[in-house]
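Note sheet for the following structure.
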Amino acid sequence: MRLVQTMMAGVLLAALDGGAMQAGAQQPEAESWTVEKCNRYKKAWTDALGRFGRKGLSQEFTERHEAFLASGCSTPPDVCPKSKEELDLANVLVIRAINAGIASTFLPFACRK
């Protein structure tokens with residue numbers, strides 16, 4: 001009986017250690033996926049600007065968007081498209097992001113007022 005308890009305790013400890021190792025391994029993987037999503041989104045932004053230009057985009061729109069990118073895509077969403085061109089660009093970016101495997105909740109667009 002004592003041997004069985006000792007063996008079960010060893011198995012439990014091994015499982016817990018393995019779980020801790022897995023949790024530690026998942027953190028860098030999650031961080032690298034965030035970096036990858038940001039890189040994909042930066043490319044979409046650059047490509048869209050190259051294709052559509054900056055005409056009709058306000059300074060506030062581009063500055064907030066650039067700040068989002070500079071933060072590693074980690075700041076809370078606060079880019080509010082107001083003009084037709086900003087809304088069109090935001091729609092293109094949403095489609096490009098989803099096509100790149102990036103969830104729409106990752107994007108910087110939100111109008112709070």
Side-chain angles (χ1 to χ4, degrees):
M1 179 81 166
R2 184 64 133 162
L3 180 60
V4 172
Q5 288 175 338
T6 303
M7 287 176 56
M8 301 244 338
V11 169
L12 180 59
L13 283 174
L16 290 174
D17 283 345
M21 288 172 51
Q22 274 187 337
Q26 290 173 356
Q27 184 63 24
E29 185 178 313
E31 289 175 14
S32 66
W33 175 230
T34 300
V35 170
E36 177 62 25
K37 288 189 293 186
C38 192
N39 289 335
R40 291 179 187 187
Y41 187 73
K42 283 178 186 178
K43 181 174 179 359
W45 169 253
T46 302
D47 291 349
L49 287 180
R51 182 169 183 175
F52 300 107
R54 292 181 181 259
K55 183 180 178 201
L57 304 182
S58 69
Q59 182 176 351
E60 177 185 19
F61 181 85
T62 55
E63 284 177 356
R64 287 180 184 254
H65 202 280
E66 294 292 340
F68 173 74
L69 295 174
S71 76
C73 305
S74 64
T75 58
D78 72 345
V79 180
C80 182
K82 296 175 183 168
S83 70
K84 179 188 180 324
E85 293 85 359
E86 289 172 351
L87 185 57
D88 289 346
L89 183 60
N91 285 334
V92 165
L93 290 168
V94 169
I95 291 167
R96 291 280 312 265
I98 291 171
N99 286 342
I102 302 167
S104 61
T105 57
F106 180 81
L107 302 175
F109 305 111
C111 297
R112 307 251 185 246
K113 297 175 184 173

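These figures come from a predicted structure and were not determined experimentally. Hydrogens, waters and symmetry mates are skipped; everything else that's a heavy atom, side chains included, is used.
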Give a yes or no on whether Ile102 and Ile98 share a hydrophobic cluster (residues Ile, Leu, Val, Met, Phe, Trp, Tyr; joining criterion: side-chain heavy atoms under 4.5 Å apart).
-> yes

Between Glu66 and Trp45, is any pair of side-chain heavy atoms under 4.5 Å apart?
-> yes

List, one per line, each side-chain donor-acceptor pair under 3.5 Å for residues 73-81, sequence neighbours excluded.
residue : atom : partner : partner atom : Å
Ser74   : OG   : Ser71   : O            : 2.8
Asp78   : OD2  : Arg64   : NH1          : 3.0

If you round to the nearest 0.5 Å, how far is OG of Ser32 from NZ of Lys37?
-> 10.5 Å

Under 30°, 30 to 60°, or over 60°: which ring-plane class applies to His65 and Phe109, parallel, tilted or perpendicular?
-> tilted

Between Asp47 and Arg51, does at least one N-O distance fall below 4.0 Å, as a salt bridge requires?
-> no

Residues Leu107 and Phe68: closest non-hydrogen pair is C-CZ, 4.4 Å

Kindly work out whether a path of hydrophobic side-chain contacts (I/L/V/M/F/W/Y, heavy atoms less than 4.5 Å apart) joins Leu69 to Trp33.
-> no

Check side chain to side chain contact (heavy atoms under 4.5 Å, CB included) between Asn91 and all other residues, then give those that pass, not counting sequence neighbours.
-> Leu87

Could you pull out the closest heavy-atom pair between Phe61 and Leu89, with the gap in Å?
-> CE2-CD2, 4.0 Å

Please report the shortest heavy-atom distance between Phe106 and Cys38, naming the atom on each side.
-> CZ-N, 3.7 Å

Between atom CG of Leu57 and atom CG of Leu49, what is the distance when rounded to the nearest 0.5 Å?
-> 6.5 Å

Over all atoms of both residues, closest heavy-atom pair of Glu86 and Lys82 | OE1-N, 2.6 Å

